[in-house]
Amino acid sequence: MSSLRPSPLRAYGSDPRLSKYNPLARILFYDDFDEGMNGWCELVGNHAGDLRDIRKMALDFRPPQLSTCSYFDIGTHGSMEGTYSLKVATRNQPNHLAVAIKRVTSAATGLVQFETYFAFKAEQVVRDRIGRLPGQRNWDGNAAPSELQFGEVTFSNDICSTDPMSRCHGVVRYRNTDPGGNLVQHWMYPTTVEPTTKMERMGLVKLGHPNQDFFSLAPEDWKPVPNGDQPLCFNETASKVNWHYVRWLFDTETSRNVEFQCNDRVMDLSEIEVPKYDEPYHGLPNLLNFYLAVRTHTNVRNFLYLDSVLVSVDW
Amino acid sequence: MLKRSFTAVLEKNSTFCADFATEPYEVGWATEARWFVNVLEVGESVTLRLTAQVSPDGLYWCDEGSPPMEIDRRGLASMPLANFGPWLRLKGQLLDQPGCVRVLIYLALKE
């Protein structure tokens with residue numbers, strides 16, 4: 001399937017690091033994780049110096065890691081190019097979410113394109129240590145039980161303009177399984193805003209669902225992206241890492257998503273409303289943040305790996 | 001290029017009232033590390049023993065071999081490490097229980 005918006009330049013075709021990407025006219029940043037963290041760090045909830053003021057659900061998003069993708073059965077797998085990838089890892093607690101963030105601002109409004117090659121895995125389970133988990137009993141030698149232990153991957157931005165003030169999060173999530181452990185394999189989008197510290201402190205929202213979602217007001221506030229049913233290549237064993245291409249285009253002029261591509265599937269997001277905040281936010285002019293998130297539904301750690309990231313703009 | 005470094009906050013204002021271990025953290029790129037433990041609160045009769053552990057795969061762990069830190073008061077303590085392999089974590093034991101500790105735990109890594 002071809003892109004709905006075939007805008008990439010081909011001037012980078014001779015550079016083996018960039019030729020796997022399809023950047024817009026200007027590359028804002030290119031992050032090869034063989035060269036370090038490149039500014040990706042742990043997201044933390046707002047506070048004014050006292051860590052006890054951080055909302056519980058935003059206290060423990062975990063520091064990202066530079067991973068070699070090493071496993072007990074094969075040793076080091078390595079990344080798609082080089083040795084290291086960026087790894088975002090949950091705890092081994094149901095509903096635990098890990099979030100890494102990179103923060104910049106916009107020099108102009110217009111199209112922004114996020115591209116990456118990513119892989120997702122549940123932590124290896126050694127059977128003699130914790131016994132059998134769901135899916136292991138009827139293992140057919142092909143479908144990995146580990147696949148059922150992986151929850152969700154979420155890509156999000158955080159953009160804010162001041163004239164007029166408009167803040168929103170464009171969010172796209174791959175729901176691999178639901179909290180019940182059922183395979184879903186569908187791209188999703190939220191229908192409500194990400195609840196902020198300000199909303200909670202001003203009493204604008206009441207949260208507390210045991211399965212509270214950081215990216216929406218309520219866990220059920222998600223809808224399937226049209227044409228977003230897409231089984232991905234988890235492969236047959238938890239130590240077999242296959243990298244997937246992602247290209248996500250959004251428009252900071254209109255505060256809307258444009259389209260999302262994963263491998264050969266291109267999803268049109270232009271008609272999907274992005275929830276906007278009603279209340280004003282101070283200190284965020286030209287905000288342009290990128291989030292990478294992974295959530296487990298079980299007591300198995302979930303890992304999101306990124307080989308590299310390229311963000312380009314049309315301004 | 002300057003040598004890279006990275007500091008991870010592995011426990012942020014966490015309260016422990018029983019033995020614990022920090023989350024597995026990948027450190028294969030680093031040649032030196034230093035644990036920093038900022039004890040914000042400690043029970044009156046509690047001693048916190050912290051032992052560095054290493055792993056080849058993030059699943060199986062053994063002690064790294066450095067002498068453990070033993071802390072019975074508020075404040076910052078640290079432990080340097082080298083030749084540690086691809087994964088690190090810190091094992092925490094509360095001696096002379098019952099009691100609790102509230103801590104910040106940092107892992108500072110350098111090429």
Side-chain angles (χ1 to χ4, degrees), chain A residues 33-42 44-45 47 50-54 56 58-78 82-93 96 98 100 121 123-130 238-239 300-301 303 305, chain B residues 1-16 18 20-41 54-62 74 76 84-90 92 100-111:
Chain A
F33 297 109
D34 284 294
E35 298 178 348
M37 290 287 189
N38 285 285
W40 291 93
C41 63
E42 178 182 353
V44 67
H47 63 91
D50 188 339
L51 296 176
R52 291 171 293 191
D53 288 339
I54 299 175
K56 185 179 178 185
L59 178 64
D60 190 30
F61 287 140
R62 311 307 303 157
Q65 307 178 45
L66 293 175
S67 175
T68 57
C69 292
S70 293
Y71 303 100
F72 86 97
D73 52 352
I74 66 155
T76 296
H77 195 296
T83 300
Y84 294 100
S85 54
L86 183 76
K87 174 182 175 182
V88 187
T90 71
R91 289 186 186 264
N92 55 354
Q93 299 169 0
H96 186 265
K121 286 290 171 187
E123 186 172 52
Q124 287 179 297
V125 173
V126 183
R127 184 174 294 180
D128 64 356
R129 297 181 73 196
I130 66 172
S239 59
V300 176
R301 293 183 180 89
F303 305 140
Y305 302 100
Chain B
M1 179 182 282
L2 293 175
K3 289 185 177 180
R4 278 145 283 212
S5 66
F6 188 80
T7 299
V9 180
L10 293 184
E11 292 296 339
K12 191 163 35 251
N13 202 39
S14 301
T15 298
F16 295 105
F20 65 94
T22 60
E23 285 295 289
Y25 198 82
E26 293 205 41
V27 295
W29 62 272
T31 55
E32 58 181 278
R34 183 174 283 271
W35 289 104
F36 289 96
V37 179
N38 191 351
V39 178
L40 306 173
E41 287 183 71
V54 291
S55 170
D57 52 23
L59 298 176
Y60 294 98
W61 298 86
C62 63
R74 294 173 57 177
L76 187 66
F84 37 72
W87 254 280
L88 282 175
R89 75 175 184 182
L90 204 54
C100 300
V101 294
R102 184 163 63 90
V103 293
L104 279 158
I105 298 179
Y106 309 81
L107 179 58
L109 301 160
K110 297 169 69 176
E111 265 188 316

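Below, chains carry the letters A, B, ... as their sequence lines are ordered, and counting in each starts from 1. The figures that follow rest on heavy atoms only: side chains count, while hydrogens, waters and symmetry mates do not.
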Chain B contact via A/Gln124 - side chain, backbone, both or neither, heavy atoms under 4.5 Å: both
If you compare all heavy atoms of B/Phe6 against all heavy atoms of A/Trp40, which two are closest, and at what distance to 0.1 Å? CE1-O, 4.3 Å
Can you name the residues that form a salt bridge (Lys or Arg N to Asp or Glu O under 4.0 Å) with B/Glu111, not counting sequence neighbours? B/Arg4
Straight-line distance of B/Trp29 CH2 to A/Asp34 CG, nearest 0.5 Å: 13.0 Å
Could you tell me the separation between the CD atom of B/Glu23 and the CG atom of A/Asp60, rounded to the nearest 0.5 Å? 8.0 Å
In terms of heavy-atom pairs under 4.5 Å with chain B, which of A/Gly36, A/Ser67, A/Cys41 leads? A/Ser67
Which heavy atom in A/Pro63 sits nearest to a heavy atom in B/Leu10, and how many Å separate them? CG-CD2, 3.7 Å
Under 4.5 Å to a heavy atom of chain B? For A/Ser239 that would be neither
Greatest number of heavy atom pairs closer than 4.5 Å to chain A - which of B/Pro56, B/Ala8, B/Pro24: B/Pro24
B/Glu26/A/Lys87 ion pair, N-O < 4.0 Å: yes
Of the non-hydrogen atoms in A/Tyr71 and B/Asp57, which two are nearest, and what is the gap between them? C-CB, 4.1 Å
Select one option (side chain, backbone, both, neither) describing which atoms of A/Glu42 are under 4.5 Å from chain B's heavy atoms. side chain
The side chain to side chain contact (heavy atoms under 4.5 Å, CB included) partners of B/Ala30 (sequence neighbours excluded) come to B/Phe84, B/Leu109
Would you say B/Leu104 and A/Leu51 make side-chain contact, with heavy atoms under 4.5 Å? yes
Determine the minimum heavy-atom distance between B/Lys12 and A/Leu59, stating which atoms define it. CE-O, 2.8 Å
Select one option (side chain, backbone, both, neither) describing which atoms of A/Arg52 are under 4.5 Å from chain B's heavy atoms. both
